[in-house]
S.K.: 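Sharing a structure below in structure tokens format, with a few things to ask.
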Amino acid sequence: MTYDIKRGVSLYSFQNDTFLGRMNLEDCIRTCAEMGATGIEIIGEQTFWGWPEVGVAPEKIAEWHALMAKYGTTPVCHDFMLDYKRYKGQPMPFAEQVASVKKDIEFGALLGMKFIRSLVSVDPEVLVAAAPFAEEKGIKILLEVHAPLHFDHPWILRHAEAYEKAGTDALGFLPDMGVFLYRYPRVWKERFIRNGVPREAADFIEAGFNDRRLAEYVVNDVMLKWGPGPQMGMVETLRHNAAFSPKRMLDFMPRIHNIHAKFYEMTEDLVEFSIPYDEVFAVLKQGGYKGHICSEYEGNRWVEDAQEVESVEQVRRQQLMFCNLLGETMPQTLVA
Amino acid sequence: MTYDIKRGVSLYSFQNDTFLGRMNLEDCIRTCAEMGATGIEIIGEQTFWGWPEVGVAPEKIAEWHALMAKYGTTPVCHDFMLDYKRYKGQPMPFAEQVASVKKDIEFGALLGMKFIRSLVSVDPEVLVAAAPFAEEKGIKILLEVHAPLHFDHPWILRHAEAYEKAGTDALGFLPDMGVFLYRYPRVWKERFIRNGVPREAADFIEAGFNDRRLAEYVVNDVMLKWGPGPQMGMVETLRHNAAFSPKRMLDFMPRIHNIHAKFYEMTEDLVEFSIPYDEVFAVLKQGGYKGHICSEYEGNRWVEDAQEVESVEQVRRQQLMFCNLLGETMPQTLVA
Amino acid sequence: MFDHRIICEEGFRNVSDAGEVTGFEFLARLPYYRGLGLSMVENLAVTVDGEEIPREDVRFSVRGRSWTLDELETCYDDRWNFGEKATITVKRAGGLPAGRHKLKLAERLRISYLPFVPTTTFETELELAA
Amino acid sequence: MFDHRIICEEGFRNVSDAGEVTGFEFLARLPYYRGLGLSMVENLAVTVDGEEIPREDVRFSVRGRSWTLDELETCYDDRWNFGEKATITVKRAGGLPAGRHKLKLAERLRISYLPFVPTTTFETELELAA
Ligand SMILES: [Mn+2]
Ligand SMILES: [Mn+2]
């Protein structure tokens, strides 16, 4: 099948630099443009102060569009949150949840986005109810398939069934590549060791994960061999991460429109230490994927206690890997 | 595709009656034969005292074969256990695990079985090492795919990869239908209520399961609304059971040779309250399944505190359902 | 499973040695759909009328063979079969007085495919046989 | 995440009202990759030099607006933005003496997609500004 995989970046990747005031919005967008990663994804409330409770000034929206024009970048996706626990002790009413999603649809449309990302915990009925408004605005709502869930998970199947039953193209999926974690991330292991996990325990947990053993067996073994302590926090990660199969995306491909290229560590050899992106790209090509794959660097929180976080370099390496996997020529600035 | 689905019963179904001395081996086999469920599966150490530590006398093996001949039944599968925790505080060495599996292969062959069932926690390397001996004996070792695992689970994929790499037909799968649990079993709910769970909590947990919500959300909600108590035991079941999709068996069909028709409650309308056997049979037919589907009644442990366990009637109802799904004529005794 | 059938109604009586009452015994079964090798029976904690019996005072017997609980842990040639009624004997000078007694048995079994080692507990009230 | 940047190095000082020292304040940020509506900030537990500050003595301020912690719970029209430095003010007659102090802040945030409500705790030692 024909495919058209475009390179993008979620500005989530630069959270460390923006939190510390080292990069502003223009810095982020320029950095992506220089890598030829022209698709831009944002977490709305990370990029724009005030969203959604206060709102965003028209000048800020104008600034966004001006930056898109200046750097030749394309708005791709606004990741929204739906704070259904806004009220202490009582669930947010259904109608209010739907209204909240509509508000994010409008915001996405205002920014020129094609998609808005829903978190996986949101009820399918809420998205189905918001779908007609999304169609009207030319926006698709994409459910992020995120660890510990995966494409074969009953909750995801329930969403898929609801989207089919609704008969709308306005609902789809956004797979986060973290669900295809085939090797325990080195930066996680080292962080846990710095947090006090004995190296033998860390080795044991890593081996258990890499062998794909059921989490509960490893949890029990660690408790027996080392008892309570920071190693329980490390082994707990096995309950929430696993090596699911990228080919499972095939059945869902017609409704997949954006991808989070989650990553923890790009090595100097241009491979992600834990996630098999060569296999991911093979599946995307096989399935005829047409859309962006957006870098989503998440190693930052794992190394920040021990070194300077090099988000831009890490994203650059992933983009280089993408160029290799796509047979694209690398922009000169990217190779440098 | 052509298919050939044969009806059988795992004698595990009659555990309550055999434990209480109400049915002996001949009673069990005759009961199955009368239902036209001629394939017989056993848990070796349930049916034969002494296995494996003491051994089984030749007279007992002879009795088994005599009963098969008398009732026209067929040995299908010996479910073995591999007690790799036989030694306190130390793991059983790899070579000893392999030797143990070989012992069960020999036992299965002695009984005329075509298959032996391995539990899902067993290492693929152990089964791969035992495979040549299994080939020699004309036995296939089948890994039971059992909740909380499912066909897309990394551990199952690891087994599948190991079997392909080994290039042997002696290794395969035995899916337990409990992985396709689409509705919270009524007999579980009523038992938990009898054990002290408030009905409102039980309703809430049932609804959470039926909505396919992620277990941790429901666990947290139950803790917040009702606090510690027997409801935590009920909600805990959501961590180990889910509604996975029967169609996932298709990719594995060439290595599926036996099926556990796990069930908790056959209603008078001849449906299993929780597991969609019509969908299961559709998938088996689509995939060209050739082998037995063996009743595995497990509602017994959920009702035994409140009523007489009616294992035979429950199995009879499931066999009637199988006849309907297969367009088979029901034996007169079955219809009675 | 089989919760109300683990401690058997029959077989609860005092035991004697050379005319001297040395303890009491009762019959018990596994709460499990299969048998288990004896090395994997980690504990059989007996409580009678609220009083916990020391581990070293408990004996387990099947088919004429008898072990202490410690000895069970290294017994690899025998098992407690599915449905089999084992004799649990408690060493206790004078045994128990005639009448009804509360009996509690906690079985701790090391089952290979479970990540943890479960303990299953049963309670009943029985009349001591004459 | 951002653990060693949650309690800011600058802005730790006493505060006065009409020439009277009424408390102290410091700057803090969210340990999170996005902002959060104020109604979802369930607690900001302050401990100074090992002494826990009563909840009612804590004030939260951003961009000139100020709330008690109880008032935060029903504030639906403002938020603590990503990276935004909020002013945490503690009412305390006389404030703190000059010199270094241990500061601890435990942020309890109700985040919709998490099944539970996490508390994240930060500690640092700071010099009180003159
Ligand atoms: Mn993501
Ligand atoms: Mn089974």
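Excluded from the calculations below are hydrogen atoms, water molecules and symmetry mates; all remaining heavy atoms, backbone and side chain alike, are included.
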S.K.: With only heavy atoms counted, which part of A/T47 is less than 4.5 Å from chain D, the side chain, the backbone, both or neither?
M.R.: neither

S.K.: With a 4.5 angstrom heavy-atom cut-off, is it the side chain or the backbone of D/E42 that approaches chain A, or both, or neither?
M.R.: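 For D/E42, the side chain is the part near chain A, not the backbone.
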
S.K.: Please look at D/I111 and chain A and tell me whether the side chain, the backbone, both or neither of the residue comes under 4.5 angstrom of a heavy atom of that chain.
M.R.: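 It is the backbone, since no side chain atom gets that close.
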
S.K.: Which answer fits A/W51, side chain, backbone, both or neither, if we ask what part of it has an atom under 4.5 Å from a heavy atom of chain D?
M.R.: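 Only the backbone of A/W51 comes within 4.5 Å of chain D.
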
S.K.: Looking just at side-chain N and O atoms, do A/Y87 and A/E96 make a donor-acceptor pair shorter than 3.5 Å?
M.R.: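 There is such a pair (donor and acceptor under 3.5 Å, judged by atom type) between the side chains of A/Y87 and A/E96.
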
S.K.: I want to know whether A/Y12 and D/Y33 have ring centres closer than 6.0 Å.
M.R.: yes

S.K.: Determine the interplanar angle of the A/F80 and A/H78 rings, folded into 0 to 90°, and report it as parallel if under 30°, tilted if 30 to 60°, perpendicular if over 60°.
M.R.: tilted

S.K.: Would you confirm whether A/E45, through its side chain, and D/R34, through its main-chain N or O, come within 3.5 Å as a donor-acceptor pair?
M.R.: no

S.K.: For the interface with chain A, which of D/E73, D/M40, D/R110, D/E84 has the highest count of heavy-atom pairs at distances below 4.5 Å?
M.R.: D/R110

S.K.: Would you say the side chains of A/D17 and A/S311 form a donor-acceptor pair under 3.5 Å?
M.R.: yes

S.K.: Cut-off 3.5 Å, side chains only: do A/N258 and A/E41 have a donor facing an acceptor?
M.R.: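 A/N258 vs A/E41: donor-acceptor pair found between side chains.
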
S.K.: Among A/G50, A/G55, A/P52, A/G44, which has the most heavy-atom pairs under 4.5 Å with chain D?
M.R.: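 The answer is A/G50.
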
S.K.: Among A/V54, A/L119, A/D83, which residue has the highest count of heavy-atom pairs closer than 4.5 Å to chain D?
M.R.: A/D83

